[in-house]
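Following: one structure in structure tokens, then a few remarks.
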Amino acid sequence: MKRPGRKLTREDFADPKPTRAARFFLGKFLCVQAPDGYTEGMITETEAYGDHRDAACHGFGNRRTARTEILFAPGGVSYVYLCYGLHHLFNIITGPQDSPEAVLIRAVQITGGGEIVRQRRPGVAKKHWASGPGRVCTALAIGMHHYGSDLMGETIWIEDRGVKVPGREVKRTPRIGVDYAGTWAKKPWRFVWTPSSA
DNA sequence: CTCTCGATTAGCT
DNA sequence: GCTAATCGAGAGA
């Protein structure tokens, strides 16, 4: 029997340690209600960013600008930005106010709204529908209009459906594409979950 | 104002 | 494996 799932609340986003938060979101469900329909996916890959000491984090050195300001909000809102002028990347803001922590969602497994995702990713194999941070946003129709969105609302939210993610199925690696961050680039802050029974 | 470059992807060799 | 695509944030003058 399929339970409806528990929508995450404030305290689920409050963890001050971004690596623990990134691990926590594996197996949770990212749900998006868009104009062309509802789609959702189970989170399978994440990366941790923050706090202000992390040279790879946009909030490094407590840099506060129009773009990075949302990083300093209390956990539970969305941070979306345009990368390489082409791709949107979606982050979950975590941790306390005035400290920049975020979890980048790098991949999800589409679990609902498959027909709509198929239209959004024409000609793409299901396997690659949302395997990559830019692809996740395309598949779930996440865009700049989600910048700062409340992740506990009715448009975009996270659910816990009781999925267990065994530690043995989670691999940790350095983060992707952050070589500019020196020693911080080497930290194993990327979490990849490969379900044994996919 | 100008310049650089990025938390990537898709398509081609 | 290589790289074009594509544009705004951020930094410096």
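This is a predicted model, so every value here is computed, not measured.
Relative to the ring axis of A:F60, A:R53 does not place its NZ or CZ within 45° and under 6.0 Å from the centre. Remark: A:R23 fails to qualify as a cation-pi partner of A:F191 under the 6.0 Å distance and 45° angle criteria applied to the six-membered ring.
Other residues, nucleotides and ligands contribute at most 12 non-hydrogen atoms within 6.0 Å of the NZ atom of A:K17.
If you check every strand for non-hydrogen atoms under 4.0 Å, A:R190 touches nothing. Within the 4.0 angstrom heavy-atom criterion, base atoms lie near A:L86. In this structure, A:R175 reaches neither bases nor backbone, as no heavy-atom distance under 4.0 Å exists between it and the strands shown.
Considering only heavy atoms from C-beta on, A:L140 comes within 4.5 Å of A:L30 through its side chain.
Between A:S131 and A:R106, the side chains place no donor N or O within less than 3.5 Å of an acceptor N or O (distance only, hydrogens not considered).
Put simply, OH on A:Y147 is 11 Å from C1' on C:dA9, counting in whole angstrom units. Computed from coordinates, the A:L89 CG to C:dT6 C1' distance equals 15 Å when rounded to whole Å. Taking atom NE2 of A:H88 as the reference point, atom C1' of C:dC7 lies 11 Å away to the nearest angstrom. Rounding to whole angstrom units, CG of residue A:L82 and P of C:dG10 are separated by 12 Å. Nucleotide C:dA11 holds its C1' atom 15 Å from the NE2 atom of A:H58, rounded to whole Å.
Across A:T46, A:L89, A:I176, a single residue satisfies side-chain contact (heavy atoms from CB on, under 4.5 Å) together with A:L104, and that is A:L89.
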Are A:T94 and A:F24 close enough, and set up right, to give a side chain to side chain contact (heavy atoms under 4.5 Å, CB included), and what steps lead you there? CA-CA 11 Å; A:T94 59; A:F24 169 75; over 6 Å; no
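Note: A:Y147 and A:Y79 have perpendicular aromatic rings, judged against thresholds of 30 and 60 degrees for the angle between ring planes.
In DNA chain B, the stems built from three or more successive Watson-Crick or G-U pairs (distances below 3.5 Å) are B:1-6 with C:7-12, B:8-12 with C:1-5.
Between the CZ atom of A:R190 and the OG1 atom of A:T173 there is a distance of 4.0 Å, given to the nearest 0.5 Å.
OP1 or OP2 of C:dG10 has at least one side-chain nitrogen or oxygen of A:T65 nearer than 4.0 Å.
Across the interface with DNA chain B, nearest-nucleotide mapping of A:F90 and A:H128 shows A:F90 to be the residue nearer the 5′ end. Of the residues near DNA chain B, A:G177 and A:R121, the one whose nearest nucleotide (by heavy atom distance) lies more toward the 5' end is A:G177.
A nucleotide of DNA chain B counts as in contact with chain A when one of its atoms lies under 4.0 Å from a heavy atom; the first and last such, 5' to 3', are B:dG6 to B:dA10.
A distance of about 15 Å separates the C1' atoms of C:dT3 and B:dC5, rounded to the whole Å.
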